[in-house]
Amino acid sequence: MNDDHRSALIAGLRALADFLEANPAVPVPRSVNVLHFPQRGSDAEMRAEVDQVADLLGAPIDPLDQKFGHYGASVRFGPVEYKAVAILAARRAEHEAHMSYEGCVQPDPIPNASAAQAA
């Protein structure tokens, strides 16, 4: 990430905060997650990058993430979370296998609710 992108991201976050503060009628989400994904590489390379970010954050690696094939660390600022997370190779392979069935199974159509009420 270059300095221009970093500056633009920070300015965008501040602009969003200012906008929401100035427009109280606009609903806000319950929480906000800012995710940093390391560049795709070997599991060891991605873990090393997450470890570096974890050190900068002063945060431990989350053992719960590992249960789901992820490797991450995060810090919270109230309802706002900054998280560095790597999706490890085995989990990516599971996802790709799962998605290979996309479109192959079609659910039955949902009956029209108004037609069902008329009957």
Results of side chain to side chain contact (heavy atoms under 4.5 Å, CB included) for [X] - residues two or more places apart only:
X: F68; result: L64
X: D18; result: none
X: V75; result: L57, A59, F77, Y82
X: L16; result: L20

Does the side chain to side chain contact (heavy atoms under 4.5 Å, CB included) test come out yes or no for Q39 and E45, once each step is laid out? CA-CA 9 Å; Q39 186 171 8; E45 291 167 332; over 6 Å; no
Does atom CZ (R40) have a neighbourhood of more than 12 heavy atoms from anything else shown, all under 6.0 Å?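 12 or below, so no.
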Side chain to side chain, [X] and [Y], heavy atoms closer than 4.5 Å:
X: L88; Y: Q66; answer: no
X: I61; Y: Y71; answer: yes
X: P38; Y: V50; answer: yes
X: R6; Y: I10; answer: yes

Let me confirm one number: the CD-CG distance from Q52 to D55, rounded to the nearest 0.5 Å.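 CG of D55 is found 8.0 Å from CD of Q52.
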Tell me every residue that passes salt bridge (charged side-chain N to carboxylate O under 4.0 Å, His left out) with D65, counting only those two or more places apart in sequence or in another chain.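 Result, salt bridge (charged side-chain N to carboxylate O under 4.0 Å, His left out) vs D65: K83.
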Side chain of N2, backbone of H5: donor and acceptor closer than 3.5 Å?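 Such a contact is found between N2 side chain and H5 backbone.
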With sequence neighbours left out, which residue pairs that include part of residues 19-28 fulfil the salt bridge (Lys or Arg N to Asp or Glu O under 4.0 Å) condition?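 For residues 19-28, and leaving out neighbouring residues, there are no salt bridge (Lys or Arg N to Asp or Glu O under 4.0 Å) pairs at all.
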